Amino acid sequence: MPVPHLPSDFVWGVSTAAFQIEGATREGGRGRSIWDTFAATPGKIARGEHADVSTDHYHRYLEDVALMSELGVDAYRFSLAWPRIQPDGRGPVNPEGIAFYDRLLDALCEAGIDPVATIYHWDTPQALEDRGGWLSRETAERFAEYAAIVGERFADRVKMWIPLNEPMVMSIYGYGIGEYAPGKALLLDAIPTAHHQLLAHGLAVTALRAAGAGAVGTANNHSPIWGEDPEPVSFLDALINRLFADPILLGSYPEVLHDRLPDGFADDLPTIAAPLDFYGVNYYEPMAVRAPRTPDPLPFELIPVEGYPMTTNGSPVVPEGLRELLILLHERYPEMPPMHITENGCSFDGIHDSDRIDFLTTHLAAVREAMGAGVDVRGYFVWSLLDNFEWSKGYAPRFGLVHVDYDTLVRTPKDSFAWYRDVIEQSR
Ligand code: GCO
């Protein structure tokens, strides 16, 4: 299938995250994060793997920038590690942390690649988690201070800002079911963490604007919710999608979740609903639900999405789900700013990764179809540049356009790297 024609000013990018690629977890003055703690806890990460070295991007970032240059990307989405900037999540700034990101930003600008900075991609400083983490409103206030620090230092080079990556995953996987750090299984009692992250987002937007930041947006993980039973579909759509989008784009929360939100949540909505310059959508797959077949504290039961090819990470390959999602968001939110696909990708093995090429081709076609239906999409960022630490699944799932040998740390571009390079070149 040929790649659809996209506008000549379409933004082509790749995405990564600090904890997943940097390594050097005990270097450069970095403090401990909840993911260091989680990875050191037996049984939490597949095969007992951890991210202390990972791809060693902290030392090899120039090589990785050179790879991005070879790709010809317009932009690079990465995340700043809060524990590198403020080791305890509050108070003094770590100059070595600032210096690392100064070096990375300078290298990107030198290469003509626009930096897209995610301020937080789940690596909460452990010292803040010890004070309640996202269950505590105080963390939103500390986050605003952190955002002001990085805004003041990096706004001269960062082109696009994303305060938090996928607060839904932090709330649901980190505090709701415990599959991710910090490993709490509070189920629906985790919903206050959504509000505190959204408040952190709103406070960060204000801080970034005060620092003279360029474009400010967000990056939410969204999925179309499929199922026969309208009630569980509606509830999971509220929990996974609307809880994190409505406050930003409508200035309200889904009614069905109001009783789970902290007292006085409505007072924070004007801050949370600060207008954005773009809305980032991270898409991987649809979700399917039905009513629980046995007594369950949750009013829904996840069921497999069947009948599609599967990635090595156990995700169904459903490009039409991306088209459906983009049209749904466009129609649900009249004030939706221009969108970017801030993450889309798949895990497949091997250097000759035709499955990945097929995945990316069909998902780009879905984006093009949504654009033809009136959706304003401005860019697409492949997850990910490099194979990396895939959270609780460790290093087995390989999402990279570039293969990483975790013994030698040698980078090897895959067939999909050359394909993406050609797509970018031909789109000019
Ligand atoms: C996410 C995260 C990434 C993941 C990627 C593959 O969307 O979950 O942003 O950190 O590694 O999505 O699962």
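A quick note: this is a predicted structure, and the numbers were derived from the prediction, not measured.
- Using a 3.5 Å distance cut-off with no hydrogens or angles, the side chains of D237 and S234 do not pair a donor with an acceptor.
- With contacts defined as side-chain heavy-atom distances shorter than 4.5 Å, the pair T193/M170 does not qualify.
- A18 approaches Y101 most closely through the heavy-atom pair CB-OH, 4.2 Å.
- In this structure, D74 does not pair ionically with K159, as no charged nitrogen and carboxylate oxygen lie closer than 4.0 Å.
- Here N313 contributes atom CG and R398 contributes atom CZ; the two are 13.0 Å apart, rounded to the nearest 0.5 Å.
- Electrostatic pairing of E145 and R142 counts as a salt bridge here, judged by a charged N lying under 4.0 Å from a carboxylate O.
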Exercise for review: Would you please test L108 and M68 for side chain to side chain contact (heavy atoms under 4.5 Å, CB included) and show each step?
Suggested key: CA-CA 9 Å; L108 289 166; M68 286 183 253; 4.2 Å; yes
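- Electrostatic pairing of D277 and R378 does not count as a salt bridge here, judged by no charged N lying under 4.0 Å from a carboxylate O.
- For Y58 (side chain) and I21 (main-chain N/O), no donor-acceptor pair under 3.5 Å exists by modelled atom type.
- With sequence neighbours left out, the salt bridge (Lys or Arg N to Asp or Glu O under 4.0 Å) criterion links R260 to D189.
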Under 3.5 Å donor-acceptor pairs involving side-chain atoms of residues 224-232, not counting sequence neighbours:
from : atom 1 : to   : atom 2 : distance (Å)
W226 : NE1    : E324 : OE1    : 3.2
W226 : NE1    : E324 : OE2    : 3.1
D229 : OD2    : A291 : N      : 2.9

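- When each of W383, Y420, F381 is paired with V14, the side-chain contact (heavy atoms from CB on, under 4.5 Å) condition holds for Y420 and for no other.
- When atom types are taken as modelled, the side chain of N282 and the backbone of E343 share a donor-acceptor pair closer than 3.5 angstrom.
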May I have the list of side-chain donor-acceptor pairs in residues 175-185 shorter than 3.5 Å, sequence neighbours left out?
from : atom 1 : to   : atom 2 : distance (Å)
Y175 : OH     : E129 : OE1    : 2.8
Y175 : OH     : E129 : OE2    : 3.0
Y175 : OH     : W134 : N      : 2.9

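- Within the structure, every pair that satisfies the salt bridge (Lys or Arg N to Asp or Glu O under 4.0 Å) test and touches residues 348-359, not counting sequence neighbours, is listed here: D353-R356.
- F10 and W12 have perpendicular rings, their planes meeting at more than 60° on a 0 to 90° scale where under 30° would count as parallel.
- Contact between P337 and L249 at its shortest, heavy atoms only, is CD-CD2, 3.8 Å.
- Contact record, G374 with H330: O-CE1, 3.2 Å, taken as the closest heavy-atom pair.
- Crowding of R293 atom CZ: a count of heavy atoms from other residues, nucleotides or ligands under 6.0 Å not exceeding 12.
- Remark: R32 does not engage D36 in a salt bridge, criterion side-chain N to carboxylate O under 4.0 Å.
- Formation of a donor-acceptor pair under 3.5 Å by the S416 side chain with backbone atoms of I357 is not found in this model.
- S384 and T16 share no side-chain donor-acceptor pair at under 3.5 Å.
- Side-chain contact, T25 with D52: a donor N or O sits under 3.5 Å from an acceptor N or O.
- Looking only at side-chain heavy atoms (C-beta outward), F265 and P247 stay at 4.5 Å or farther from each other.
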Could you walk me through whether L360 and L401 pass the side chain to side chain contact (heavy atoms under 4.5 Å, CB included) check? CA-CA 11 Å; L360 296 175; L401 297 170; 4.1 Å; yes
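- Counting heavy atoms from C-beta on, the side chains of I45 and W35 come closer than 4.5 Å.
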Donor-acceptor pairs under 3.5 Å, side chain of residues 250-259 to any protein atom, not counting sequence neighbours: which ones?
from : atom 1 : to   : atom 2 : distance (Å)
Y253 : OH     : H195 : ND1    : 2.7
H258 : NE2    : Y253 : O      : 3.1

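- Side-chain atoms of T124 never come within 3.5 Å of backbone atoms of I34 as a donor-acceptor pair (strictly under, hydrogens ignored).
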Next item on the list: Give the intermediate values and the outcome of side chain to side chain contact (heavy atoms under 4.5 Å, CB included) for residues L326 and I341.
Entry: CA-CA 10 Å; L326 291 174; I341 310 303; 3.8 Å; yes
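- Listed for the S136 side chain is a donor-acceptor partner under 3.5 Å among the backbone atoms of E138.
- The minimum heavy-atom distance linking G89 with L128 is given by the pair O-CD1, 3.6 Å.
- Taking the six-membered ring where the residue is Trp, F78 and Y76 present parallel rings, their angle staying beneath 30° rather than reaching 60°.
- Between atom CD1 of residue I172 and atom CD1 of residue I191 there is a gap of 6.5 Å, rounded to the nearest 0.5 Å.
- In summary, R84 and E22 engage in a salt bridge, as defined by a charged side-chain N under 4.0 Å from a carboxylate O.
- Checking side-chain atoms of E285 against main-chain N and O of S315 turns up no donor-acceptor pair under 3.5 Å.
- Remark: Y279 engages H222 in a ring pair (Phe, Tyr, Trp, His ring centres under 6.0 Å) (not counting sequence neighbours).
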* Asked: Do D387 and T55 pass the side chain to side chain contact (heavy atoms under 4.5 Å, CB included) test, and can you show the C-alpha distance, the side-chain angles, and the key distance before you say yes or no?
  -> CA-CA 8 Å; D387 290 340; T55 76; 6.0 Å; no
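- For the residue pair Y284 / N221, no side-chain donor-acceptor distance below 3.5 Å is found, with atom types taken as modelled.
- No donor-acceptor contact under 3.5 angstrom links the side chains of S347 and E390, judged on distance only.
- Looking only at side-chain heavy atoms (C-beta outward), H196 and F143 stay at 4.5 Å or farther from each other.
- At least one side-chain heavy atom of P83 sits under 4.5 Å from a side-chain heavy atom of D123.
- Rounded to the nearest 0.5 Å, atoms NE2 (H201) and OH (Y120) are 15.0 Å apart.
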*asked:* Apply ring pair (Phe, Tyr, Trp, His ring centres under 6.0 Å) to residues W161 and F154 and explain how you reach the verdict.
replied: CA-CA 10 Å; W161 292 90; F154 303 140; 7.2 Å; no
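- The shortest heavy-atom contact between K393 and E49 is O-OE1, 4.4 Å.
- Ring orientation note: the planes of F100 and Y61 are nearly perpendicular, at an angle over 60° on the 30°/60° scale.
- Looking at D405, its side chain does come within 3.5 Å of a backbone N or O of D407 through a donor-acceptor pair.
- Counting heavy-atom neighbours within 6.0 Å of E27 CD, excluding the residue itself, gives a total above 12.
- In this structure, A81 and Y146 approach most closely via the heavy-atom pair C-OH, 3.8 Å.
- The backbone N or O of G151 lies less than 3.5 Å from no partner atom in the side chain of R153, so there is not a single donor-acceptor pair.
- No close placement of the W391 and F38 rings is indicated, their centers lying 6.0 Å or farther apart.
- For the atom pair CZ (R411) and CG (D64), the distance works out to 4.0 Å, reported to the nearest 0.5 Å.
- Under the 3.5 Å distance criterion, the side-chain polar atoms of Q20 are matched with a main-chain donor or acceptor of F389.
- Checking side-chain atoms of S15 against main-chain N and O of T342 turns up a donor-acceptor pair under 3.5 Å.
- Once rounded to the nearest 0.5 Å, the distance linking CZ of F359 with CG of N344 reads 4.5 Å.
- The CD1 atom of I85 sits 7.5 Å away from the CG atom of N94 when rounded to the nearest 0.5 Å.
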